[in-house]
Amino acid sequence: ELGGIGFFLGGIGPDGHIAFNIRGSDHNSTTRILNINYETAAASATDMGGIEMSRNKAVLTVGLATITRNPSATAIIMAAGEGKADVIRHSVEDDPSILYPATCLQKIGGSRFYVTSGAACMLTGRKQARLKAYSKIPCREKESIVTDITARLNKPIEMVSLSDLKHDINGSVLLEKEAGFNLEKLVGEITLNYSERIARGVQEIKNTSFLHTAPHHDDIMLGYLPYILHLVRQPTNFHYFATLSSGFSSITNSYTLSMLSNLEAFISTPGFTKIFANEKDYFDPGNIVAKNRDVYQYLDGVAANSPEMRREGEARRTFRNICEISGTIQKKEVMKKADFLKRQLLGSYPGKKDIGEIQMLKGMLREWEEELLWAHLGFSCDNIYHLRLGFYTGDIFSSRPQWKRDVRPFLSLLHRLKPDVVTVAFDPEGTGPDTHYKVLQIVASAIESYSRTVGKGLKIWGYRNVWQRFHPSEANIYVPVSMNSLAIMKRAFEICFASQKSASFPSPEYDGPFSELACKIMIEQGSAIKKVLGRDFFGGSRFARIRASRRVNLIREMDVEEFLQEAHVLRQLME
């Protein structure tokens with residue numbers, strides 16, 4: 001009666017939904033109740049307190065026809081980050097379709113998308129403008145254009161023709177920009193570059209000290225565990241692992257309660273009674289030997305196929321964690337604190353900000369999981385650093401990193417370990433996980449200071465995992481991944497990261513364990529590279545690791561100057 005909506009402001013979901021009108025919604029739909037899909041449930045999990053609260057829910061939504069009824073309405077969609085780039089491109093460039101609900105806005109003259117550079121990066125006009133702005137198109141851009149053509153046409157690189165480039169939007173710009181363009185020469189250069197990167201991925205590295213860093217406790221594993229499996233076999237290498245956040249927000253109340261209940265079940269068993277009687281300092285939080293024994297107890301239970309042994313290992317570590325929280329190793333006082341924490345959890349609800357002691361306990365459960373993982377490869381707690389930096393608070397809008405609180409502890413670690421290689425989660429512009437961006441900036445600030453006096457020859461390895469992925473043209477180390485490596489990654493994730501088997505904050509891209517999504521990404525990247533190099537390159541190689549390859553793991557190596565420049569550009573985009 002009032003003429004329809006005059007002003008609409010919204011975001012856009014991973015499936016292209018607006019106002020919860022999920023993929024498949026009719027453009028004539030009106031305000032209604034509907035059941036959301038998995039992608040929308042996963043994207044809403046952070047606000048709802050976990051996927052277990054958002055899955056299989058119905059929503060009351062403004063319909064697409066309701067939004068567009070008034071032809072003079074102003075409708076604004078906002079999006080940030082490269083994670084939204086593909087859906088933005090389809091919503092803006094495709095014809096109206098129920099596959100991308102936001103395409104309905106094309107009928108309104110006053111509709112606009114306000115997006116960041118990252119979210120706009122796949123728009124045809126934006127990419128063409130970038131290519132045309134170059135005085136000479138860089139090799140990386142050429143690789144990207146030709147690699148994408150091989151994938152789109154599903155043909156080997158040597159079969160790509162000038163006609164294929166001419167009929168490709170970006171390929172045509174390449175032909176326009178380069179007088180006397182030689183396709184055969186370019187194909188040869190790309191093939192050589194890709195083969196050299198594969199060779200780097202199987203090159204034996206010796207006498208090298210690695211500091212592997214991560215925002216969260218499973219990020220390294222999901223990013224490049226197949227590479228680590230080979231790097232650790234060289235006895236002259238040294239490996240250290242540092243997680244910069246405590247990661248408590250990814251542990252559910254129900255999982256934490258299960259660990260407390262498990263402790264209650266074991267506290268009076270003969271095994272615990274013997275420890276209390278004979279090893280007075282076993283549960284001292286500073287007893288590294290005993291911490292390692294907790295880990296061995298659990299992994300021995302895995303090897304013996306004994307759930308009882310595994311649960312006892314978990315109970316030991318839970319008791320030890322509460323000793324640290326309560327500041328005492330006295331059994332009575334520790335169990336009193338455990339009961340208090342249990343009552344706090346029972347009186348809470350998913351999504352509620354936890355009290356400090358609950359946050360600490362949840363973070364310790366994550367640390368335990370990481371220790372189990374690296375113990376698979378023979379690394380003890382001495383090799384693992386849980387920094388628990390203060391920027392990570394659990395607030396909706398967490399604070400920016402600070403020098404004294406966040407950067408200085410990591411800088412001190414650099415000075416103590418003096419690594420030759422530092423790895424870092426190297427995501428592009430994105431809205432999340434926000435922790436990845438902040439950790440990258442902390443690492444960059446520390447390395448900038450460190451390199452002034454010490455780390456002149458330091459190398460930085462950027463990795464990505466389930467949240468973002470490299471295009472083959474962006475990486476310079478291609479690690480062949482065998483079926484054996486993938487089996488190890490899947491099994492180790494299942495054994496070690498019990499809290500994440502059904503992650504509360506999963507990727508909207510895949511409904512399953514993160515380890516399976518990581519494998520899926522490596523399959524896709526390996527397929528793109530095989531289109532360039534050909535199956536004979538892999539099947540006929542003299543290296544067994546290359547012949548055994550079924551996937552590829554991408555890494556980007558940088559020197560300090562290049563890394564700091566990339567971090568600076570990202571900071572300008574984000575801030």
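Between V422 and W461, the closest side-chain pair of non-hydrogen atoms is not below 4.5 Å. A 4.5 Å side-chain heavy-atom check between L440 and D427 finds every atom pair outside the cut-off.
Just one residue in the list T252, I355, I358 forms a side-chain contact (heavy atoms from CB on, under 4.5 Å) with L345, and that residue is I358. With Y510 as reference, E516 is the one residue of E39, K520, E516 to meet the side chain to side chain donor-acceptor pair (under 3.5 Å) rule. Each of W368, F241, F379 was checked for a ring pair (Phe, Tyr, Trp, His ring centres under 6.0 Å) with W374, and the lone residue meeting it is F241.
Within a 6.0 Å sphere centred on NZ of K353, other residues, nucleotides and ligands contribute more than 12 heavy atoms.
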Stepwise ring pair (Phe, Tyr, Trp, His ring centres under 6.0 Å) check, F319 with F276:
CA-CA 12 Å; F319 188 88; F276 287 130; 5.4 Å; yes
Derivation of the side chain to side chain donor-acceptor pair (under 3.5 Å) call for E333 and S326
CA-CA 8 Å; E333 293 301 316; S326 60; over 6 Å; no
Kindly determine whether T243 and E370 satisfy side chain to side chain donor-acceptor pair (under 3.5 Å), including the steps that lead there.
CA-CA 9 Å; T243 301; E370 184 183 18; 3.0 Å; yes
Report the C-alpha separation of F426 and H436 in whole Å, then their side-chain angles, then the decisive distance to 0.1 Å, and conclude whether the ring pair (Phe, Tyr, Trp, His ring centres under 6.0 Å) test is met.
CA-CA 8 Å; F426 193 66; H436 284 216; over 10 Å; no
Is there a side chain to side chain contact (heavy atoms under 4.5 Å, CB included) between Y392 and V439? Walk through the geometry before answering.
CA-CA 10 Å; Y392 189 86; V439 166; over 6 Å; no
Set out, in order, the CA-CA distance, both residues' side-chain angles and the distance that settles side chain to side chain contact (heavy atoms under 4.5 Å, CB included) for Y224 and H212, then state yes or no.
CA-CA 10 Å; Y224 59 106; H212 306 270; 2.7 Å; yes
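Of the possible donor and acceptor atoms, none in the side chain of T61 sits under 3.5 Å from a partner among the backbone N and O of G63. Counting only distance, with no hydrogens or angles, the side chain of S445 and the backbone of I442 share no donor-acceptor pair below 3.5 Å. Under a 3.5 Å cut-off, the side chain of K362 and the backbone N or O of S249 do not form any donor-acceptor pair. Using a distance-only test at 3.5 Å, with no hydrogens or angles considered, a donor-acceptor pair links the side chain of N383 to the main chain of H239. Looking only at distances, a side-chain donor or acceptor of Q525 sits under 3.5 Å from a matching main-chain atom of F470. A donor-acceptor pair is defined here as one N or O able to donate and one able to accept, closer than 3.5 Å; no such pair exists between the side chain of E357 and the backbone of L341. For K57 (side chain) and M53 (main-chain N/O), a donor-acceptor pair under 3.5 Å exists by modelled atom type. Checking side-chain atoms of E369 against main-chain N and O of A498 turns up a donor-acceptor pair under 3.5 Å. Checked by atom type and distance alone, the side chain of S111 pairs as donor or acceptor with a backbone atom of L105 at under 3.5 Å. Judged by distance alone, with hydrogens and angles left aside, the side-chain atoms of N21 form a donor-acceptor pair with the main-chain N or O of I18 at under 3.5 Å.
R23 forms a cation-pi arrangement with Y100, by the criterion of a distance under 6.0 Å to the ring centre and an angle within 45° of the ring axis.
A donor-acceptor contact closer than 3.5 angstrom links the side chains of Y282 and R316. In the model, S399 has a side-chain atom that pairs as donor or acceptor with a side-chain atom of R405 under 3.5 Å. Using modelled atom types and a 3.5 Å distance limit, the side chains of S504 and E52 yield a donor-acceptor pair. Neither side chain, S29 nor D26, offers a donor N or O lying under 3.5 Å from an acceptor on the other. Side-chain atoms of S485 and Y227 include no donor-acceptor pair closer than 3.5 Å. Judged purely by distance below 3.5 Å, without hydrogens or angles, the side chains of T40 and H17 pair a donor atom with an acceptor atom. With 3.5 Å as the limit, one finds no donor-acceptor pair spanning the side chains of N56 and N35.
A salt bridge does not link E524 to R551: none of the charged nitrogens lies less than 4.0 Å from a carboxylate oxygen. Checked for salt-bridge contact, R320 and E371 miss the test: no charged N lies under 4.0 Å from a carboxylate O. For R556 and E566, the salt-bridge test passes: some basic side-chain N is under 4.0 Å from an acidic carboxylate O. Between D218 and R366, at least one side-chain nitrogen of the basic residue sits less than 4.0 Å from a carboxylate oxygen of the acidic one, meeting the salt-bridge criterion. For the pair E314 and R311, the salt-bridge criterion is not met [side-chain N within less than 4.0 Å of a carboxylate O]. Salt bridge absent: R317 and E312 never bring a charged side-chain N and a carboxylate O closer than 4.0 Å. For the pair R293 and E279, the salt-bridge criterion is met [side-chain N within less than 4.0 Å of a carboxylate O]. Checked for salt-bridge contact, R464 and D219 miss the test: no charged N lies under 4.0 Å from a carboxylate O. Contact check on R89 versus D86 returns a salt bridge, with a Lys/Arg side-chain nitrogen under 4.0 Å from an Asp/Glu carboxylate oxygen.
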